[in-house]
Amino acid sequence: EVIDGGGRILLPGFVDLHTHLREPGREDTETIESGSAAAALGGYTAVFAMANTNPVADSAVVTDHVYRRGQEVGLVDVHPVGAVTVGLKGEKLAEMGMMAAGPGRVRVFSDDGVCVSDPLLMRRALEYSASLGVVIAQHAEEPRLTKGAVAHEGPEAARLGLTGWPRAAEEAIVARDALLARDAGARVHICHASTAGTVELLKWAKGQGVAITAEVTPHHLLLDDSRLATYDAVNRVNPPLREASDVAALRQALCDGVIDCVATDHAPHADQDKCCEFAAARPGMLGLETALAIVAQVSVETGDLTWRDIARVMSERPAEIARLDDQGRPIGVGEPANLTLVDPDLGWTVRADELASRSRNTPFADLSFRAKPVLTVLRGRITARDGVTARPGTEVRA
Ligand code: DOR
Ligand code: ZN
Ligand code: ZN
C-alpha cells in the first residue's frame, strides 16, 4: 500500500517510558488492551507499563504476564517495568534478575507508585541493577516531606489552603540518587522532573559524568499551579503542577537535552476517584492520546524544538535509555519499521468521552491543538489510522 504523506511529518514510532496500564488489578480504569489502543492512537509503538499494579509487578509471574498480554493485543509493544521492592513500599529487593531473564525481558525497574525512601535500600537496588545492566526509574519523592501534600508548595496552594509539596521533596532524591548511582556505577533515570532545581541538579550530575537521565511529562510542560484555582481534582497529580518559572526551565531543559525525553505518566483513574474534593482525589492524569499535540505546541511556543528534536525526545532517547536495541529486533535497512505520521496542522479538540482510554481524567478536555498523529505503524503493520485502531491483519509495504 502506498501512503500519501502530503504535508505530514514522518517520525520514528514513539516510545513511552512511563505508562500506567492498571492491569492486573484496576481493569475498570484501564486494561492492557484499552491502554494499547490509546498508545497506538497517540503515535506510540512501545510503552513501558509501570509496576504499581495489583498484584505489584515484583516477580516474573506478573511481568511475563503483562508482556504476553501486550503481545496478544498486538497494538503496541508493552514492556513491563519491574518493581524495585517486593510489594508497595517493601523492605526487601525484588528478584530483578528473574524478571530480566524472563520472556518479559524487564530492562527498566522503578519505585514509581512504590516509593523506596530508604537510602540504603536504594543503594543496594542500584548496585544490583548495575550488575544486570538495567536502569532504575526513580519516582523522586522524599515521603517524609510530602505527608498530606496535594499541591505544589507555593503562594497558590497557600491561598487555597491546600497542603504543599515542596520542591525539595523531589530535589533531595534527585541529588541523593545521582550520588548513589555514581558510587554504584549504575544508571538512574529521573521520572517526571518537575522543578527548575531538578534541572540544575541534572546539569551538575551530567557534568560530573554520572549516568543519569530524565523525563518530563506533557502536563508539566504545559500546565502550572494557576490551574488549581478551580479546585478541579483533574489537576491533582504527583509530582504536582509547579509554577510558571518551573515550566519555563523544564521547556528549556528539554530543548537543550538536559532532560532527555518526554514520558506521559499516563495515570487513568475512575470517575469516583476524581470527582471528589481536591484533597481526596487520586493523583494522576491521562497522557497517551494528547502527548504529541502538547509537545508540538511547546515546539511552536518555544521556537526551539524542531521536528528532529521531537523524534529525539519522543522516540530515540527513550529507546536508548531502555536499551530497546538490546531486546532483539534491531531496526535496519529492509526491516519493517516502527513509524508515526503526524499532521502538524490538523487542528482538533480533545473530547474526554472520545478517548480510547477507559478513564476520562484528562486535564486537556475541550482544549484545541494543531498537531495529531494520523497513522501509526508497528513493525510494518498499521495499528492506528485517522483515529481508529487496527488490530493485526492490515499490512503496509514500502
Ligand atoms: O500522579 C501520579 N499517579 N503519580 C504517580 O507517581 C503514580 C501515578 C498513579 O499510579 O496513579
Ligand atoms: Zn511517579
Ligand atoms: Zn507514574
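Just so you know, ligand 1 is whichever comes first in the structure, and atom 1 is the first atom listed for that ligand.
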Which residue from Asn238, Asn52, Asn361, Asp273 reaches closest to atom 5 (C) of ligand 1 through any of its heavy atoms?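 The option holding the nearest heavy atom is Asn238.
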
Option whose closest heavy atom lies nearest to atom 11 (O) of ligand 1, chosen from Arg282, Met50, Arg22: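 Minimum heavy-atom distance to atom 11 (O) of ligand 1 goes to Arg22.
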
Decide yes or no on ring-ring contact (aromatic ring centres under 6.0 Å, His included) for His266 and His18, but give the supporting numbers first. CA-CA 7 Å; His266 180 81; His18 192 149; over 10 Å; no

Hydrophobic clusters join Ile, Leu, Val, Met, Phe, Trp and Tyr when side-chain heavy atoms are under 4.5 Å apart, directly or via other members; which others share one with Leu162?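 Besides Leu162, the hydrophobic cluster comprises Val150, Leu160, Leu228, Tyr231, Phe278, listed by chain and residue number.
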
Output the rest of the hydrophobic cluster of Val234: all Ile, Leu, Val, Met, Phe, Trp and Tyr residues reachable through side-chain heavy-atom contacts under 4.5 Å, sorted by chain and number.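 None, because no other hydrophobic side chain comes under 4.5 Å of this residue.
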
One thing to verify: whether [Y] and [X] come together as a salt bridge, which I'm taking to mean a side-chain N less than 4.0 angstrom from a carboxylate O.
| X | Y | answer |
| --- | --- | --- |
| Glu127 | Arg124 | no |
| Arg358 | Glu23 | no |
| Arg123 | Asp177 | no |
| Arg312 | Asp309 | yes |
| Arg379 | Asp77 | yes |

Does the ring centre of His219 sit less than 6.0 Å away from the ring centre of His192?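 No.
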
Would you mind running through ligand 1 and noting each atom that sits below 4.0 Å from a heavy atom of [X]?
| X | value |
| --- | --- |
| Asp112 | 6 (O), 7 (C) |
| His139 | 6 (O) |
| His269 | 11 (O) |

Using a distance threshold of 2.8 Å, what protein N/O/S atoms lie below it relative to the Zn ion (ligand 2)?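 Listed by chain and number: Asp112 OD1, His139 ND1, His192 NE2.
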
Closest non-hydrogen protein atom to atom 8 (C) of ligand 1, residue and atom name please, with distance?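 Minimum-distance protein heavy atom for atom 8 (C) of ligand 1 reads His20 NE2, 3.8 Å.
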
Can you tell me which residue and heavy atom of the protein come closest to atom 3 (N) of ligand 1, and the distance to 0.1 Å?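 It is Pro283 O, 3.2 Å.
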
Using a 4.0 Å heavy-atom cut-off, which part of Ala267 comes near ligand 1: side chain, backbone, both, or neither?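 It is the side chain that touches ligand 1; the backbone stays farther off.
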
Below 3.5 angstrom, do we get any N/O pair linking Val237 and ligand 1?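 Checking ligand 1 against Val237, no N or O pair falls under 3.5 Å apart.
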
Extract all donor-acceptor atom pairs below 3.5 Å that involve side chains of residues 42-54 and protein atoms in other chains or at least two apart in sequence.
{"from": "Asn52", "atom 1": "OD1", "to": "His20", "atom 2": "ND1", "distance (Å)": "2.8"}
{"from": "Thr53", "atom 1": "OG1", "to": "Pro55", "atom 2": "O", "distance (Å)": "2.8"}

